[in-house]
Enquirer: 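Please find one structure pasted underneath; my questions will follow.
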Number of protein chains: 2
Amino acid sequence: MSSDSNSSIQQIPEPTLRRLPLYHQLLSEKHSEGAKNISCTEISNILGFTAIQIRKDLAYTGAVGRSKTGYNVKELLYILEDILGYTKTKDALIVGAGNLGLALMGYDGFKNYGLNIVAAFDTDPQKTGKLFHGKAVFDISELEKLAKEKGIKIGILTVPSAFAQETADLMVNAGIKAIWNFAPVKINVPDDVLVQHENLASSLAVLSHKLDNLTSVQRNE
Amino acid sequence: MSSDSNSSIQQIPEPTLRRLPLYHQLLSEKHSEGAKNISCTEISNILGFTAIQIRKDLAYTGAVGRSKTGYNVKELLYILEDILGYTKTKDALIVGAGNLGLALMGYDGFKNYGLNIVAAFDTDPQKTGKLFHGKAVFDISELEKLAKEKGIKIGILTVPSAFAQETADLMVNAGIKAIWNFAPVKINVPDDVLVQHENLASSLAVLSHKLDNLTSVQRNE
DNA sequence: TCCTTATCGATATTTATTTATCGATATCAT
DNA sequence: ATGATATCGATAAATAAATATCGATAAGGA
């Protein structure tokens, strides 16, 4: 209530926000191909969303286009990178050095998104003290010290469901303010900590369900 | 138009569908704890969605509850497993044996969701011909033969963005009807092939954006 | 047995998101 | 220079989803 200097950012709807990285991806391709301008119609033809929706999405970013020409590629790219936080690097740590944790550790793509994974933590002595993808895996007991030392605010949670809550508690104690949760369970955190739930089971459910419908439709034809 | 015997399935909204696995997860915990019944209020207290929303979600599944008692845990669990396709195993293959592909290959959780990853494919001779997590990695040239032989309809796409489209084309040629796409680019496929886009960049964008707002709000306080 | 209360299920309302409409404008071809 | 057209941006309409309301009902206690 007190201030809404950032309300213009706040109010980007989540569905729009989720499409912005796709526009960014396309824009950066077009930019490297030397394109100067791009219209919603062109984006629409490539990405498959309607031009109207794209225009509305871009309006949320504050980007300004020109009639008949479209948007300036370089400028739009910059705006998107700024909004998506790709320009300022954010440190993060991973808790849970299982398969998924290690995969995320080794995923180079994150650096393009401004995410720098500093280290991982685990309880398994087979893993702690080693390097994976050039990054160290520490014992979970070191979490608080390292997080506070480096002021890390983002934690990626990739432990089995059964340990998700206790791990989240440790993260909160360590000063983590945003948790990207890959465990398919809800975790409880204080109000000032943010949880982003990444649920592969949900996506799989959608896929599986659509596939069911697809095949039953085909049977009916 | 001709038949809508499956319309009751078709019309489950995607947001609802994405929540169903969370209910399932909770229900299976409660079931193993010996709970016989559960109410929307109780689910609400644990998962944090409103009881009203949960009741509406469950209504889509056809589950029937009892006043004052709630739903029968075992029955609801069964209904959810059926809708989510957890009861019938579906074979899938992975194309792209990079970090993410290997992680998904090794993820035991999928078998609980009815997904059985049969094998992976890659072009890198360092990887092909080897076993990872007990599953073989074949050269991409074997894809069509194996997919058709085993009648595999689901493909998980974990190659770098630059190769996503050509890989998707290979999958389509191999008879794949549903592609779970982890590359952060749009892929074009025939109408009878379904694509489920899994975009970590989108989730990260949401996280990053919310974190930005969180910190700017805190600065303003 | 009867009263209180928690809960469901159906319906209605509100809010969020997508899609459509249309005037203004800039570019291109004539 | 002029006209045709593609495009944006603002506004309006339609659709989808979340939330609220309320009567009916079943359980448990007085």
Side-chain angles (χ1 to χ4, degrees), chain A residues 7-20 22-23 26-27 30 35-76 79-80 186 197 202 205-206 209-210 213, chain B residues 7-20 22-23 26-27 30 35-73 75-76 79-80 197 202 205-206 209-210 213:
Chain A
S7 62
S8 61
I9 300 171
Q10 180 90 35
Q11 75 202 35
I12 298 181
E14 186 165 321
T16 293
L17 198 49
R18 289 189 162 271
R19 285 186 292 268
L20 296 186
L22 299 175
Y23 303 147
L26 175 61
L27 267 283
K30 287 291 169 189
K36 289 281 173 286
N37 298 292
I38 194 165
S39 71
C40 291
T41 313
E42 191 178 350
I43 299 176
S44 169
N45 288 335
I46 300 170
L47 295 183
F49 307 119
T50 70
I52 296 162
Q53 183 172 53
I54 295 164
R55 192 170 301 123
K56 192 147 201 195
D57 284 345
L58 296 183
Y60 282 113
T61 70
V64 175
R66 286 166 65 85
S67 293
K68 188 85 184 193
T69 315
Y71 301 84
N72 181 282
V73 170
K74 205 168 167 184
E75 184 185 317
L76 183 51
I79 290 175
L80 287 173
K186 158 111 184 188
H197 204 106
S202 290
V206 175
H209 199 260
K210 286 182 187 163
N213 290 335
Chain B
S7 62
S8 61
I9 300 171
Q10 181 89 37
Q11 73 201 37
I12 299 181
E14 187 165 321
T16 292
L17 198 50
R18 289 190 161 270
R19 285 186 293 268
L20 296 186
L22 299 175
Y23 303 148
L26 175 62
L27 267 284
K30 287 291 170 187
K36 289 279 172 288
N37 297 292
I38 195 166
S39 70
C40 291
T41 313
E42 191 178 352
I43 299 175
S44 168
N45 289 335
I46 300 170
L47 295 183
F49 306 120
T50 71
I52 298 163
Q53 183 173 52
I54 295 163
R55 192 171 300 124
K56 194 151 195 192
D57 284 345
L58 295 182
Y60 283 113
T61 70
V64 175
R66 285 166 66 83
S67 292
K68 191 84 182 186
T69 316
Y71 301 83
N72 180 283
V73 171
E75 185 184 316
L76 183 52
I79 290 175
L80 288 174
H197 204 105
S202 290
V206 175
H209 198 262
K210 285 183 186 165
N213 290 335

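Computed from a prediction, not measured in an experiment: that's the story for all the values here.
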Enquirer: Distance check: side-chain N/O of A/Y71 vs OP1/OP2 of D/dG9, anything under 4.0 Å?
Expert: yes

Enquirer: So which of B/T61, B/L58, B/L76 actually passes side-chain contact (heavy atoms from CB on, under 4.5 Å) with B/Y23?
Expert: B/L58

Enquirer: Can you measure A/L58 atom CG to C/dT18 atom P for me and round it to whole angstrom units?
Expert: 13 Å

Enquirer: Whole angstroms only, please: what is the CG-C1' distance between A/N37 and D/dC8?
Expert: 13 Å

Enquirer: Whole angstroms only, please: what is the CG-C1' distance between A/N72 and D/dC8?
Expert: 15 Å

Enquirer: Quick check for you: to the nearest 0.5 Å, what is the distance between B/T41 atom OG1 and B/R55 atom CZ?
Expert: 6.5 Å

Enquirer: Can any side-chain N or O of A/T69 pair as donor or acceptor with the backbone N or O of A/S67 at less than 3.5 Å?
Expert: yes

Enquirer: Answer yes or no: is there a donor N or O on one side and an acceptor on the other, between the side chain of A/S44 and the main chain of A/F49, under 3.5 Å?
Expert: yes

Enquirer: NA contact type, A/T41, heavy-atom cut-off 4.0 Å: base, sugar-phosphate, or nothing?
Expert: sugar-phosphate

Enquirer: Would you kindly give the CD1-to-P distance between B/I54 and D/dA17, to the nearest whole Å?
Expert: 18 Å

Enquirer: How long is the gap from CG on A/L20 to CG on A/L80, to the nearest 0.5 Å?
Expert: 6.0 Å

Enquirer: For the pair made of CZ in A/R18 and P in C/dT17, what is the distance, rounded to whole Å?
Expert: 12 Å

Enquirer: Quick one: B/I38 CD1 to D/dA27 P, roughly how many Å, whole number?
Expert: 17 Å

Enquirer: Output the distance between atom CD1 (A/I38) and atom CD1 (A/I46), rounded to the nearest 0.5 Å.
Expert: 5.5 Å

Enquirer: Counting only side-chain N and O atoms of A/R66, is one of them less than 4.0 Å from OP1 or OP2 of C/dT27?
Expert: yes

Enquirer: Can you tell me which nucleotide in D/dA27, C/dT18, D/dC8 comes closest to the side chain of B/K68?
Expert: D/dA27

Enquirer: Given C/dT19, D/dC8, D/dA17, which nucleotide is nearest the side-chain atoms of B/P13?
Expert: D/dA17

Enquirer: Dump every N/O contact between nucleotides 10-12 of chain C and the protein below 3.5 Å, one line per pair.
Expert:
none

Enquirer: Grab the CD-C1' distance between A/Q11 and C/dT17 for me, whole Å please.
Expert: 14 Å

Enquirer: Establish, with yes or no, whether the OP1 or OP2 oxygen of C/dT7 is under 4.0 angstrom from a side-chain nitrogen or oxygen of B/S39.
Expert: yes

Enquirer: Using whole Å, report how far CD of A/E14 lies from C1' of C/dT15.
Expert: 16 Å

Enquirer: What heavy-atom pair brings B/V206 and A/L17 nearest, and what distance separates the two atoms?
Expert: CA-CD2, 3.9 Å

Enquirer: Can you tell which of C/dA26, C/dG9, C/dT18 lies closest to the side chain of A/Q53?
Expert: C/dT18

